[in-house]
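Below you'll find the structure, written out as structure tokens, and then a few comments.
Protein chains get the first letters and strands the later ones, always in sequence-line order, with residue 1 at the start of each. All values below were derived from every heavy atom in this structure, side-chain atoms included, with hydrogens, water molecules and symmetry-related copies excluded.
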Protein chains: 2
Amino acid sequence: MTATDLVAETQGGADDPRTLHQQVLARLRQSILLGRIEPGQALTIRGLAAELGVSAMPVREALRELVAERGLELMDNRRVRIPLMTIERFDDLIAARVVLEAEAAARAMPYVTDALIARLEAQDAVINEAEAARDYDAWIGANFAFHAMLYGAAGQSAFLPLIESLWLQIGPFLRRAMRTLSGHYTVDRHSEALAALRRRDTMALRIAIEADIRDGIAHIGSTLIRRDMLGKVPGGNMA
Amino acid sequence: MTATDLVAETQGGADDPRTLHQQVLARLRQSILLGRIEPGQALTIRGLAAELGVSAMPVREALRELVAERGLELMDNRRVRIPLMTIERFDDLIAARVVLEAEAAARAMPYVTDALIARLEAQDAVINEAEAARDYDAWIGANFAFHAMLYGAAGQSAFLPLIESLWLQIGPFLRRAMRTLSGHYTVDRHSEALAALRRRDTMALRIAIEADIRDGIAHIGSTLIRRDMLGKVPGGNMA
DNA sequence: CCTGCGAATATGTGATCACATGGCGGCATG
DNA sequence: CATGCCGCCATGTGATCACATATTCGCAGG
């Protein structure tokens, strides 16, 4: 894996006001979310530091945060890797997404404006373009942006971080699933969600969000976890 | 605030197999959860290191993790503090707890055994003892242990960390609320939950859990946020 | 040829240091 | 006496080093 594989070079100039560890964190988080890092792959502090051209310190701090966000996992040999997936865990993650995102969407409804709907429609168009172009990085990123835009309408300070943690845990496998599926047609119910938003129909919105999560991801993932993800790494625990 | 105020001295011997940063993390997390640290209070790396008798490095890493878990908040002056509370945020936190914990409880039901129920009953007794003794630290800790014991029955790898994050955010204010309320009678619906468990009645369990969260905490917190928590710190943002 | 032991290497952890920034108080000035 | 400026002190950030441990690779013995 090369440096450009691991982290997008698009961000982080010399005059970036963020601290180095924040830049490293953002880049690693995106790499995980977009599935650029192989599940089970161990990440080393010195290795990442060399790739990113920084010292070990910012990398250490970024890895700690990502472990806390459950995007990475600390093994008992004290090394850090992308967590492996089990069917049970995947099922839990989807279930958590459903209840959390359905509720977040419902709570956003009172704050939905026509302007927000317009922005969501534009974002949906971006998603469709990415799908047409078979650009999975863009698709995943735009898809998350769509959801975050909706849930963030209410300025919900509690829901979004939890949802982002779930995405971070699913990301590596979602990407892999899309790359594996032959037809890799992606399903989304965003038009249904948008219709519900226009009618200010909270119940329909909940249903659309739940359907979007379940139909778009659940069946895809469960098909490939078994044959692709498990037992790929020699030792290691799941704790 | 003295060292013994901030961290319980009960854990962390010389032969603790955990790394120093993990010990520091556990102690700080407990301090936040039990409300030992004042909301808005800024924590300094060097200060904590001195109190805990360690160098700055483990403290830095622990603070980073707690920020990622939302138990602490990174201000744009780069200092770290206990987040302030707003009514909106409290409302969000309770709502997230309700949907997440009700679902987690329902998903645990298939794994409920008589032995688990017996352990939960014992834990409920511990809670009642703590309440009778007016020991709020013990009450909060035992209460969380009760919920975690139930949700953990299914080995749910996704729900528990999210729920723990919510507790960490509520903890400082819950403790403060209990100390403030004159009668400080604590409500819990654990007996209802236990009855539902014995009947293996998932719907009743959901209702009991939701009632436990809402009745036990929601009304308590909302009464004192306004007059006690806000504007206690000079500057500072909420980001 | 396989297996087990041991040395060399890689890695995480913790400590310490240098530096830039922010906060705070004293002091001068109007 | 009030106000604004300036310098000192506290603090976070990043780098580097020493050390303990884990891993790995090679070699010897069966």
Tabulate atom names and distances for all N/O pairs under 3.5 angstrom spanning the protein and nucleotides 4-9 of chain D.
none

Listing time: all N or O pairs from protein to nucleotides 14-19 of chain C that are below 3.5 Å?
unit_1  : atom_1 : unit_2 : atom_2 : d
dG14(C) : OP1    : L20(B) : N      : 2.2
dG14(C) : N7     : R60(A) : NH1    : 3.1
dG14(C) : N7     : R60(A) : NH2    : 3.0
dG14(C) : O6     : R60(A) : NH1    : 3.3
dA15(C) : OP2    : S55(B) : N      : 3.3
dA15(C) : OP2    : S55(B) : OG     : 2.1
dA15(C) : O5'    : S55(B) : OG     : 3.2

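Remark: R64(B) engages E61(A), E65(A) in a salt bridge (charged side-chain N to carboxylate O under 4.0 Å, His left out) (not counting sequence neighbours). By the ring-ring contact (aromatic ring centres under 6.0 Å, His included) test, F159(A) pairs with no residue at all, sequence neighbours left out. For R107(B), the salt bridge (charged side-chain N to carboxylate O under 4.0 Å, His left out) partners two or more places apart in sequence, or in a different chain, are D91(A), D92(A). Residues passing the side chain to side chain contact (heavy atoms under 4.5 Å, CB included) test with A138(A) are A130(A), D135(A), sequence neighbours excluded.
Checking W139(B) against E129(B) by side-chain atom types alone, no donor-acceptor pair falls below 3.5 Å.
With rounding to whole Å, L48(B) atom CG is found 12 Å from dT11(D) atom C1'. One atom, CG of D76(B), and another, P of dT13(D), lie 12 Å apart when rounded to the nearest Å. R81(B) has its CZ atom 12 Å from the P atom of dG23(C), to the nearest Å. To the nearest angstrom, P of dT21(C) lies 17 Å from CG of L74(B). Distance CG (L43(B)) to P (dA10(D)): 18 Å, rounded to an integer number of Å.
Taking the charged nitrogens against the carboxylate oxygens, E69(B) and R29(B) do have a contact shorter than 4.0 Å, which makes a salt bridge.
The side chain of N77(A) places no N or O atom within less than 4.0 Å of a non-bridging phosphate oxygen (OP1 or OP2) of dT11(C).
In this structure a side-chain-to-backbone donor-acceptor pair under 3.5 Å is present from Q123(B) to A142(B). E103(B) places no side-chain N or O within 3.5 Å of a backbone atom of A96(A) that could act as its donor or acceptor partner.
Taking the nucleotide of DNA chain D with the nearest heavy atom to each of R78(A) and R79(B), the more 5' of the two is matched to R79(B).
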